Amino acid sequence: MKKICIIGLGYVGLPLAHAFSKKYQVVGFDINKPRIDELSSGFDRTLELTAEEVNESIKNGMIYTTSSDDIKDCNIYIVTVPTPIDSSNRPDLTPLIKSSQTIGKVLKKDDIVIYESTVYPGVTEEVCVPELEKVSGMIFNKDFFCGYSPERINPGDKEHTVTKILKITSGSTAEIAIVVDDLYKSIIIAGTYKASSIKVAEAAKVIENTQRDVNIALINELALIFDTMNIDTNDVIEAAATKWNFIKLKPGLVGGHCIGVDPYYLTFKAEELGYKPNLILGARQINNGMGKYIAEKTIKLMIKNNKKIKDSNILVLGVTFKEDCPDLRNTKVTDIVDELNEYGVNVDIYDPWVDLTEERTHFTHKLMETNPFEGNKKYDSIIVAVAHHQFIKLTQEDYRNISEGNETIIDIKGIVKNPSWRL
Ligand SMILES: NC(=O)c1ccc[n+]([C@@H]2O[C@H](COP(=O)([O-])OP(=O)(O)OC[C@H]3O[C@@H](n4cnc5c(N)ncnc54)[C@H](O)[C@@H]3O)[C@@H](O)[C@H]2O)c1
């Protein structure tokens with residue numbers, strides 16, 4: 001009888017735990033006590049699960065806990081902890097190491113530990129397994145086994161939810177690969193793909209996001225080139241996309257916990273092995289520079305529109321890293337704000353998706369508590385940074401009502417009808 005423990009109940013772990021709870025006994029473990037308390041009361045602040053779904057998991061017998069005593073009698077451990085980078089863009093494997101140590105303390109003969117966190121090839125077997133062996137005193141592939149099955153969910157996307165996305169699976173032996181694959185097959189409606197090894201599965205995930213990052217960087221670079229030529233990049237993309245094999249992407253900020261972070265896992269390992277990944281690092285540099293470019297563009301447009309810069313008021317609409325989602329992690333909208341602040345302007349940030357209590361504890365930028373479209377303050381420039389559905393609905397008149405003089409609208413998401421400039 002399988003009893004599954006999910007370690008790390010964030011954007012990835014919670015929906016997975018809920019899906020497994022429909023068929024298996026599940027324990028959800030997290031070190032964040034407020035998160036566990038909220039989930040136990042039926043609330044998911046990531047908004048990936050509704051209150052009904054969280055309560056359904058509880059009804060299914062799932063328990064939410066911070067106590068390692070509660071995970072002792074599980075036989076499958078699935079790790080979905082964060083894999084961030086440090087200030088020098090190097091992988092920070094601390095959560096993976098710590099969660100492996102937690103599991104090591106309760107590991108029993110024939111248990112299987114499956115990692116889902118995005119990593120560079122080799123992390124499961126070269127970093128996590130030694131921790132499991134050291135703490136448990138057991139031997140890998142003799143006493144216990146491992147798997148790796150990357151997650152592909154897209155926060156805020158209510159269509160491509162966990163069971164509807166084909167899942168890559170792998171195992172530390174041929175037999176365990178089948179057990180891991182069967183386990184996921186039992187809940188993933190879209191099916192599974194059994195990779196030939198754990199390293200292949202790890203590499204597959206990290207290149208999915210690296211490919212996207214590099215492709216977006218190309219479009220961003222083209223946008224910078226076309227801007228100097230006074231050509232609308234979006235028009236160029238529409239025209240080019242009439243060819244069957246053109247990859248249609250939009251220019252923009254690349255933030256969030258995945259695309260802007262995962263490539264550094266790959267480049268770190270490549271460089272450690274003596275290969276300099278110039279293309280991937282160049283793409284990172286282009287994407288990381290977009291916020292500064294947008295801020296500078298805003299200032300230039302304001303000067304062109306005869307607006308003073310120092311002490312002017314600029315409104316930034318949206319700060320989460322993507323639309324219709326409360327996730328603030330690694331948002332690059334703050335790059336725009338930070339650069340604007342260098343010019344001595346006052347920047348107001350408004351985002352109806354951000355939980356202000358949460359924001360106060362974790363986010364260094366202050367957010368408006370009221371809707372600027374319902375107030376009297378006038379802005380010299382407005383930057384539409386995130387395509388939340390609330391902003392898509394805004395009209396020219398809405399912008400005019402809160403603009404000082406002629407409106408200067410910077411649209412980086414292509415959702416404003418007649419912007420002063422769009423990326
Ligand atoms: N968010 C996404 O869209 C997405 C998509 C695919 C893959 N991933 C990958 O999945 C992994 C998890 O991402 P996420 O977005 O769910 O992160 P998250 O920050 O939303 O959640 C991680 C959870 O792990 C908990 N945690 C941290 N250390 C722990 C420990 N030692 N023991 C137990 N719990 C611990 C945290 O408290 C948090 O609740 C990352 O590797 C990420 O790259 C994320």
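Both counts, for ligands and for their atoms, begin at 1 and track the order of listing. Computed from heavy atoms alone, side chains included, the values below leave out hydrogens, waters and symmetry copies. Remember, it's a predicted structure, so these values are computed and weren't measured experimentally.
Here the CD1 atom belonging to I97 is positioned 7.5 Å from the SG atom belonging to C128, to the nearest 0.5 angstrom.
In C258, the part holding a heavy atom less than 4.0 Å from any atom of ligand 1 is the side chain.
The protein heavy atom nearest to atom 28 (N) of ligand 1 is I31 CD1, 3.5 Å. Summary of contacts: the protein heavy atom closest to atom 18 (P) of ligand 1 is R329 NH1, 3.3 Å. Given atom 8 (N) of ligand 1, the protein heavy atom at minimum distance is V12 CG2, 3.6 Å. Among protein heavy atoms, the minimum distance from atom 9 (C) of ligand 1 is reached at T118 OG1, 3.5 Å. When hydrogens are left out, the protein atom nearest atom 36 (C) of ligand 1 is D30 OD1, 3.5 Å; that is the closest non-hydrogen contact. The protein heavy atom nearest to atom 27 (C) of ligand 1 is P82 CD, 3.5 Å. The protein non-hydrogen atom at the shortest distance from atom 20 (O) of ligand 1 is Y11 N, 3.1 Å. Counting protein heavy atoms only, atom 11 (C) of ligand 1 is closest to V81 O, 3.3 Å.
A salt bridge does not link K98 to E131: none of the charged nitrogens lies less than 4.0 Å from a carboxylate oxygen. Salt-bridge formation is detected for the pair R422/D232: a Lys NZ or Arg NE/NH1/NH2 atom is positioned less than 4.0 Å from an Asp or Glu carboxylate oxygen.
With hydrogens and angles left out, the side-chain atoms of D110 and N75 include no donor and acceptor closer than 3.5 Å. Side chain to side chain, N220 and Y293 fail the donor-acceptor criterion of an N or O pair below 3.5 Å. With hydrogens and angles left out, the side-chain atoms of H257 and D327 include no donor and acceptor closer than 3.5 Å. Between the side chains of Y24 and S186, a donor-acceptor pair is found at a separation under 3.5 Å.
Near G8, meaning under 4.0 Å from any of its heavy atoms, are these atoms of ligand 1: 23 (C), 24 (O), 25 (C), 34 (N). Listed by atom number, the atoms of ligand 1 under 4.0 Å from T83 heavy atoms are 40 (C), 41 (O), 43 (O). Atom numbering of ligand 1 starts at 1 in the shown order; those under 4.0 Å from a heavy atom of N32 are 37 (O). Ligand 1 places these atoms under 4.0 Å from at least one heavy atom of I7: 32 (N), 33 (C).
Remark: K167 qualifies as a cation-pi partner of Y184 under the 6.0 Å distance and 45° angle criteria applied to the six-membered ring.
When G156, S99, P155, G10 are ranked by how near their heavy atoms come to atom 31 (N) of ligand 1, first place goes to S99.
Residue-ligand proximity: T102 is placed with every non-hydrogen atom at 4.0 Å or more from ligand 1.
Relative orientation of the W353 and H389 rings is perpendicular, given thresholds of 30° and 60° on the angle between their planes.
K3 contributes no side-chain N or O that, together with a main-chain N or O of M1, makes up a donor-acceptor pair within less than 3.5 Å.
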